[in-house]
There are 2 protein chains.
Amino acid sequence: MRIGELARLADVTTRTLRHYDELGLLTGRRGANGYRVYDDADLRTVREIRMLVGLGFALEDTRPFVECLRAGHERAASCPDSLAVLRRRIAEVDDSVDRLHEVRGELTRQLGEASRARCEFSGIDP
Amino acid sequence: MRIGELARLADVTTRTLRHYDELGLLTGRRGANGYRVYDDADLRTVREIRMLVGLGFALEDTRPFVECLRAGHERAASCPDSLAVLRRRIAEVDDSVDRLHEVRGELTRQLGEASRARCEFSGIDP
DNA sequence: GCTGGCGTTCACGTCGGCGTCAAGGTCTAC
DNA sequence: GTAGACCTTGACGCCGACGTGAACGCCAGC
C-alpha cells in the first residue's frame with residue numbers, strides 16, 4: 001500500500017509517516033516511481049508507535065520497540081532494550097506522580113491561605 | 001536596584017527579567033540613563049512568579065497573581081482571578097495524576113506480558 | 001490531452017521560556 | 001583616558017513532533 005492508505009488505516013497524517021521516515025523509524029521500501037510502499041507489518045509498527053506515544057514515550061524511545069518488531073518478535077516489548085526503556089518510563093511516571101502530589105499539596109495550601117485572607121478581608125469568619 | 005542585583009537576589013538570570021519585561025509581566029521603571037530600576041516589591045513579585053512556575057504555572061497564568069500584588073494585596077492568590085487560576089491548576093494536576101495512573105497501569109501490563117513472552121521463549125516457567 | 005488525485009522534496013512556522021551571541025551605550029575606578 | 005563591569009536592544013537558536021505551503025512528478029479516467 002502507499003502512504004495515504006497507511007495513514008488512513010493507522011489514523012495518522014501522511015506528514016507523520018514522512019516524519020518517521022526522516023527519523024529512520026519507519027523506512028519503507030520505494031516503488032519504481034519513487035513512492036513509499038508499505039505492508040501490514042508497517043501498519044502494525046505504526047500502531048505500536050502511536051500506542052507508545054500515547055503512553056508518553058518520545059519517538060526516539062520507541063525505536064527499540066520498532067527494531068524488536070523488525071527482528072521478527074511477536075511483542076515489541078519483549079526485547080532487552082525495549083524492557084529497559086519500559087522500566088525507565090515506569091520510573092519516570094512514578095517520579096511525575098510524586099512531584100504532582102507535592103505540587104497539589106502546595107496548591108491546596110495556597111488556596112486555603114488565600115481563602116482565609118479573603119474571609120478576613122470580608123469580615124467573614126471561616 | 002538595577003537588573004543585575006535583582007537577578008542575584010531572586011536567583012534568576014537578567015535575561016529572564018528582560019523576558020518578563022517583554023511580556024509586560026514585570027515592567028519596571030526606567031532611570032535617566034535608560035536602565036531598568038527595581039524595588040523590593042519587584043523582588044517579591046519575581047519570587048512569586050518563580051514559586052508559581054515551580055508549581056507548573058505558565059508565565060501567562062502568573063499574571064493575575066502579579067496584578068494582585070500590584071494592587072496592593074498581601075497575598076498574590078487572594079484575588080478572584082488568582083483563585084480561579086489556582087483552582088484550574090488543581091483540576092489540571094488531578095487530571096494529570098489520573099492519566100498517569102492509567103498510563104502506569106498500561107505500562108506494567110505491557111511489562112508483565114513482555115516478561116511472560118520472554119519466559120516462554122527461554123523455556124522458563126513464570 | 002487534460003483534469004484531479006495521488007505522490008515527492010524542501011523548508012519555514014508553531015509552542016514556551018528563555019540561552020546566547022553581537023554591537024553598542026554608561027558609569028566607576030585608577 | 002581607559003579598562004572593565006555594568007547596562008541596552010535586536011535577533012537567532014533550542015527542544016519535539018509535526019503543520020503547512022510551495023513547486024513539482026506520476027498516473028487513471030474522461
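Naming: A, B, ... by sequence-line order, numbering from 1 per chain. As the structure is a prediction and not an experimental result, all values here were calculated from the model.
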Side-chain N or O of [X] less than 4.0 angstrom from OP1 or OP2 on [N]?
| X | N | result |
| --- | --- | --- |
| A:R30 | C:dT9 | yes |
| A:Y20 | D:dC18 | yes |
| A:R50 | D:dA17 | no |
| A:R36 | C:dT9 | yes |
| B:N33 | C:dC27 | yes |
| B:R2 | C:dT28 | no |
| A:T13 | D:dG19 | yes |

Measure the distance from [atom1] on [X] to [atom2] on [N] and round it to the nearest whole Å.
| X | N | atom1 | atom2 | answer |
| --- | --- | --- | --- | --- |
| A:F57 | D:dA17 | CZ | C1' | 17 Å |
| B:L17 | C:dG17 | CG | C1' | 13 Å |
| B:Y38 | D:dC6 | OH | P | 16 Å |
| A:D21 | C:dT8 | CG | P | 9 Å |
| B:L23 | C:dG17 | CG | C1' | 9 Å |
| B:I3 | C:dC18 | CD1 | P | 13 Å |
| A:D61 | D:dA17 | CG | C1' | 14 Å |
| A:H19 | C:dA11 | NE2 | P | 17 Å |

Under 3.5 Å donor-acceptor, [X] side chain and [Y] backbone:
| X | Y | value |
| --- | --- | --- |
| A:S82 | A:A76 | yes |
| B:T45 | B:A41 | yes |
| B:R47 | B:L9 | yes |

Review point. Between the base of C:dT20 and the side chain of B:R15, is there any donor-acceptor pair under 3.5 Å?
Key: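 Present.
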**Study point:** Any N/O donor-acceptor pair, B:Y35 side-chain to C:dG25 base, under 3.5 Å
**Key:**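 A donor-acceptor contact between them is present.
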Check your understanding: Contact class for A:R18 vs. all strands (heavy atom < 4.0 Å): base, sugar-phosphate, or nothing?
Key ->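 Touches a base.
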Exercise for review: Please work out if A:R8 contacts a base, only the sugar-phosphate, or nothing of the nucleic acid, heavy-atom cut-off 4.0 Å.
Suggested key: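 It contacts nothing in the nucleic acid.
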Exercise for review: Answer yes or no: is there a side-chain heavy-atom contact under 4.5 Å between A:Y35 and A:I3?
Suggested key: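 Of all side-chain heavy-atom pairs linking A:I3 with A:Y35, none is under 4.5 Å.
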Review point. Heavy-atom count around A:D95 CG within 6.0 Å, excluding the residue itself: above 12?
Key: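 Counting other residues, nucleotides and ligands, CG of A:D95 exceeds 12 neighbours.
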